[in-house]
Enquirer: 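Take this structure, written in structure tokens, and hold onto it; I'll ask about it next.
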Amino acid sequence: QVQLMESGGGLVQAGGSLRLSCAASANIFSFVTMGWYRQALGKQRELVATTTRTGTTNYANSVKGRFTISRDNAKNTAYLQMNSLKPEDTAVYYCHAERVSSSSGYVPSVWGQGTQVTVSS
């Protein structure tokens, strides 16, 4: 079973920083795109940032200049550095990988279980 495992969430004051990590299970060989999405209570899930295997990144306007996505292809791990956090960043953050190559074959999409980020004012 292919899995993504997030870590690094927690409670932080406004203006603070957190770093999220997303590690792929050992049976995942590679993936083309990895991204972070978030879902606040009562709202739809929204894109935060994505990165391709070649390093192309994309950010939601609401996080540009504050969040940075990166990945370590050798470790099949992605990171989301979040600075200058605001209360409106409070949400469950999900890791997502697209076009995954694994020991089980090709998997078009994989989601992590989510990690809670809470920003207090």
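Quantities reported herein were computed from a predicted structural model and do not represent experimental measurements.
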Enquirer: Would a 4.5 Å heavy-atom cut-off, applied to side chains only, mark T68 and Y59 as touching?
Expert: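 Answer yes - side chains close enough.
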Enquirer: I'd like to check E98 versus T50 (side-chain heavy atoms, cut-off strictly below 4.5 Å). Are they in contact?
Expert: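 A side-chain contact under 4.5 Å is absent here.
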Enquirer: State, to 0.1 Å, how close T57 and I69 come at their nearest heavy-atom pair, and which atoms those are.
Expert: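 Looking at all heavy atoms of both residues, the closest pair is CG2-CG2, 3.8 Å.
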Enquirer: Testing the basics here: between V107 and S102, what is the closest heavy-atom pair and its distance to 0.1 Å?
Expert: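 Minimum heavy-atom contact is CG2-OG, 4.0 Å.
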Enquirer: What are the two closest heavy atoms between G16 and V12, and how far apart are they?
Expert: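 Nearest heavy atoms, G16 then V12: CA-CG2, 3.8 Å.
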Enquirer: Determine, using the 4.5 Å side-chain heavy-atom cutoff (strictly less than), whether L80 and V117 are members of one ILVMFWY cluster.
Expert: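 Linked, L80 and V117 end up in one cluster.
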Enquirer: If you round to the nearest 0.5 Å, how far is CD of Q13 from OG of S121?
Expert: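 Taking OG in S121 and CD in Q13, the distance rounds to 9.5 Å.
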Enquirer: In Å, rounded to the nearest 0.5 Å, how long is the span from OG of S21 to CD of E6?
Expert: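 That separation rounds to 10.0 Å.
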Enquirer: Between A24 and F31, which heavy-atom pair has the shortest distance, and what is it?
Expert: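 A24 and F31 have their closest heavy atoms at CB-CE2, 4.2 Å.
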Enquirer: Measure the shortest side-chain to side-chain distance between W36 and C95 over non-hydrogen atoms and say whether it is less than 4.5 angstrom.
Expert: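 With C-beta onward as the side chain, the pair touches.
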Enquirer: Minimum heavy-atom separation for T77 to K75, with atom names?
Expert: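 Smallest interatomic distance, heavy atoms only, reads OG1-O, 3.0 Å.
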Enquirer: About how many Å separate CG of N27 and CD of Q3, when rounded to the nearest 0.5 Å?
Expert: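 The CG atom of N27 is 8.0 Å from CD of Q3, to the nearest 0.5 Å.
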Enquirer: If Ile, Leu, Val, Met, Phe, Trp and Tyr residues are connected whenever their side-chain heavy atoms lie under 4.5 Å apart, and connections chain through other members, are M34 and V92 in the same group?
Expert: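 Shared cluster, no.
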Enquirer: What are the two closest non-hydrogen atoms of L4 and Q113, and how far apart are they?
Expert: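 Shortest heavy-atom separation between L4 and Q113 comes out as O-OE1, 3.4 Å.
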Enquirer: In the single-linkage hydrophobic clustering (I, L, V, M, F, W, Y; side-chain heavy atoms under 4.5 Å), do Y94 and V63 co-cluster?
Expert: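 No, Y94 and V63 fall in different hydrophobic clusters.
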Enquirer: Taking the inter-plane angle between the rings of Y93 and F67 on a 0 to 90° scale, is it parallel (under 30°), tilted (30 to 60°) or perpendicular (over 60°)?
Expert: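 Ring orientation, 0 to 90° scale: tilted.
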Enquirer: Can you measure from CZ (R38) to CD (E88) and round to the nearest 0.5 angstrom?
Expert: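 R38 atom CZ to E88 atom CD measures 8.0 Å (nearest 0.5 Å).
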Enquirer: I'd like to know if the side chain of N76 reaches the main chain of I28, judged simply by a donor and an acceptor atom lying under 3.5 Å from each other, with no hydrogens or angles considered.
Expert: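 The answer is yes, because a donor-acceptor pair under 3.5 Å joins these two groups.
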Enquirer: Heavy atoms, side chains only, cut-off 4.5 Å: are S17 and Q81 in contact?
Expert: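 The answer is yes; the side chains approach within 4.5 Å.
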Enquirer: Output yes when a side-chain donor or acceptor of R71 lies under 3.5 Å from a complementary backbone atom of T52, and no otherwise.
Expert: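 Yes: the side chain of R71 pairs with the backbone of T52.
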Enquirer: Consider only side-chain heavy atoms of I, L, V, M, F, W and Y, link residues closer than 4.5 Å, and tell whether L20 and M5 are in one cluster.
Expert: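 No, no single cluster joins them.
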Enquirer: Taking C-beta and beyond as the side chain, do Q116 and T90 meet within less than 4.5 Å on heavy atoms?
Expert: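 Of all side-chain heavy-atom pairs linking T90 with Q116, at least one is under 4.5 Å.
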